[in-house]
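Just so you know, these numbers come straight off a predicted model, no measurement behind them. Hydrogens, waters and symmetry mates play no part in the numbers below; they use all other heavy atoms, side chains included. Letters go in sequence order (proteins before strands), and every chain restarts at 1.
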Number of protein chains: 2
Amino acid sequence: MIEYSRQPHYLVAVDCIVFGFDGEHLKILLVKRGLEPEINKWSLMGGFVGADESPDDAANRVLKKMTGLEGVYLEQMQIYGEPGRDPIERTLSVGYFALIDIHKYEAQLNDDYEAEWFLINDRPKLIFDHNQMVTDARKKLRYKAALHPILFEMLPKKFTIPQLHILFEEVNDTKIDTRNFSRKITSTGLLIKLAEKDRTGSKKGAFYFKLDKKKYNANSQAFLNLMPNLKV
Amino acid sequence: MIEYSRQPHYLVAVDCIVFGFDGEHLKILLVKRGLEPEINKWSLMGGFVGADESPDDAANRVLKKMTGLEGVYLEQMQIYGEPGRDPIERTLSVGYFALIDIHKYEAQLNDDYEAEWFLINDRPKLIFDHNQMVTDARKKLRYKAALHPILFEMLPKKFTIPQLHILFEEVNDTKIDTRNFSRKITSTGLLIKLAEKDRTGSKKGAFYFKLDKKKYNANSQAFLNLMPNLKV
DNA sequence: ATTATTAATTGTCGTTTTGACAATTAATAA
DNA sequence: TTATTAATTGTCAAAACGACAATTAATAAT
């Protein structure tokens with residue numbers, strides 16, 4: 001039988017940086033690690049890639065298992081493969097970032113895992129190279145969101161322009177002129193204005209919008225230039 | 001001793017899509033595979049990730065070994081990890097794309113490996129999922145090159161605007177107005193005009209330019225909008 | 001009822017960028 | 001001297017950008 005003799009074999013894992021938005025701040029979802037080493041320390045959601053699944057499959061499985069959510073926005077980020085990154089045994093990990101509607105999650109929380117939302121800017125130290133993964137994910141989110149309409153993934157089906165505005169400011173850690181922002185976001189043609197208003201945040205109330213799914217699917221690869229004065 | 005018991009272990013490889021430009025067309029560098037299965041079939045340059053190196057290290061090592069070149073532009077693309085992608089044994093491969101100056105290569109060719117340049121649009125069938133890798137790499141190259149000044153990596157230190165123009169047209173598979181192109185590319189401020197002219201291509205001759213390394217290193221992450229009417 | 005208050009929404013306008021298109025220039029060959 | 005060829009510079013209207021202001025729709029206070 002043919003074989004690749006004498007080549008070393010490694011464990012392969014996936015780790016997910018799960019972003020959410022509570023209406024005010026950008027957050028990430030962390031779990032208490034369930035196995036040694038570093039048991040009970042905070043870490044990203046992760047798991048080993050099984051024999052019959054691809055890394056993408058594994059990431060989806062892990063997310064389903066730990067949050068109950070299916071079909072979430074998931075994007076491969078990069079591989080982390082320094083020889084010594086896991087102290088026990090060589091393990092390469094594929095980093096993914098996920099965007100979920102934080103409210104959807106709360107309803108389906110799987111209590112078997114100790115999971116908790118943390119402010120992106122006020123999170124505990126994480127195990128291994130997970131801190132670096134979060135930094136990288138945040139940078140990639142910022143990059144991608146400047147060009148493609150992906151931040152909708154973190155909002156409910158019905159959302160308002162002001163909500164979207166705050167989310168963009170959070171992700172980019174900067175102030176954006178509300179007047180120019182609303183003009184730019186509506187000019188994409190991706191939003192459908194609803195008759196209903198959200199009156200919780202102000203006296204006047206803000207109109208709800210929903211995503212034009214057809215145009216969104218057709219244009220999700222288009223370059224948009226959603227950030228003013230963009231420098232990365 | 002702590003261990004991750006009973007988790008499956010896999011081979012991990014790297015595969016490099018090496019792009020080059022001969023002045024007229026975009027090309028990729030392929031090698032004849034040196035081991036079973038599929039020995040002597042055309043494939044990407046690749047190799048297994050060794051025990052003491054990261055995937056990035058492995059990709060650089062493979063490139064050095066097969067082309068003699070060091071310090072080439074190398075970017076991690078994505079991981080290919082479908083369970084059945086290698087018929088012999090489960091192997092996950094990290095795809096990289098590389099941009100090299102085709103002339104530099106010719107001078108340092110390592111004849112131990114049967115390597116050959118192929119037109120990107122007229123290449124042989126490749127083993128495993130390498131055809132998909134090439135397709136993905138091409139798409140990513142196009143995407144990246146539209147926003148960042150990376151195509152210089154495929155040209156000699158001294159190059160002309162018309163050379164750059166043809167390269168952009170090749171990568172994007174489209175015609176670009178020469179007048180608007182030269183204005184846009186010079187307005188980036190990344191080019192330094194030299195006194196010398198290239199007279200091989202025309203009677204008038206075209207001025208040589210070189211890259212402003214300082215500005216290039218400082219701005220390599222900036223968004224530029226180098227393609228007109230950009231849709232991806 | 002009238003007014004003050006607050007946040008959402010629509011509006012203005014000069015500057016810059018874009019991209020379609022044409023004229024000029026610098027060299028060589030006839 | 002002229003024809004030829006490709007590089008380079010030029011023109012301009014339309015669109016996009018971004019700094020900044022006014023108006024509007026509601027509620028709360030008087």
Rounded to the nearest Å, what distance is computed from the [atom1] atom of residue [X] to the [atom2] atom of nucleotide [N]?
X: B/Asp177; N: D/dA7; atom1: CG; atom2: P; answer: 14 Å
X: A/Ile161; N: D/dT24; atom1: CD1; atom2: C1'; answer: 17 Å
X: A/Glu196; N: D/dA26; atom1: CD; atom2: C1'; answer: 16 Å
X: B/Asn180; N: D/dA7; atom1: CG; atom2: C1'; answer: 15 Å
X: A/Ile185; N: D/dC17; atom1: CD1; atom2: C1'; answer: 15 Å
X: B/Arg179; N: C/dA22; atom1: CZ; atom2: P; answer: 8 Å
X: A/Phe207; N: C/dT10; atom1: CZ; atom2: C1'; answer: 13 Å
X: B/Leu191; N: D/dT8; atom1: CG; atom2: C1'; answer: 15 Å

Q. Looking at the side chain of B/Ala206, which of D/dT9, D/dA7, D/dA19 is the nearest nucleotide?
A.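 The nucleotide sitting nearest to the side chain is D/dA7.
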[X] side chain N/O closer than 4.0 Å to the phosphate oxygens (OP1, OP2) of [N]?
X: A/Lys204; N: C/dT5; answer: no
X: A/Lys184; N: D/dG18; answer: yes
X: A/Lys197; N: D/dA26; answer: yes

Q | N/O donor-acceptor pair, side chain A/Arg183 with base D/dG18, under 3.5 angstrom | A |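 Checked by distance alone, the answer is yes.
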Q) Does any donor atom in the side chain of A/Asp15 or A/Ser93 lie under 3.5 Å from an acceptor atom in the other side chain? A)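 Yes, because at least one side-chain N or O of A/Asp15 sits under 3.5 Å from a partner of the opposite role on A/Ser93.
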Q: Answer yes or no on whether A/Lys193 is positioned over the face of A/Phe209, meaning its NZ or CZ is under 6.0 Å from the six-membered ring centre and within 45° of the axis.
A: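 The answer is no; the distance or angle limit is not met.
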Q: Find which nucleotide of DNA chain D each of B/Lys203 and B/Phe209 is nearest to by heavy atoms, and output the residue with the more 5' nucleotide.
A: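 Here B/Lys203 is the residue nearer the 5' end.
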Q: Hey, which sits more toward the 5' end of DNA chain D by its nearest nucleotide, A/Ser202 or B/Tyr208?
A: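 Here B/Tyr208 is the residue nearer the 5' end.
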For [N], give its Watson-Crick or G-U wobble partner with both distances under 3.5 Å, or none.
N: D/dA21; answer: C/dT10
N: C/dA29; answer: D/dT2
N: D/dC12; answer: C/dG19

Could you check whether [X] gets within reach of a base, just the sugar-phosphate, or nothing at all, counting any heavy atom under 4.0 Å?
X: A/Arg199; result: sugar-phosphate
X: B/Thr160; result: nothing
X: B/Ser187; result: nothing

Geometric class of the [Y]/[X] ring pair [parallel <30°, tilted 30-60°, perpendicular >60°]:
X: B/Tyr73; Y: B/Phe97; result: tilted
X: B/Phe181; Y: B/His165; result: tilted
X: B/Phe152; Y: B/Phe159; result: tilted

Q. When A/Gln132 is tested against each of A/Asp136, A/Thr135, A/Asp129 for side chain to side chain donor-acceptor pair (under 3.5 Å), which residue passes?
A.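 Of all the options given, the one that passes is A/Asp136.
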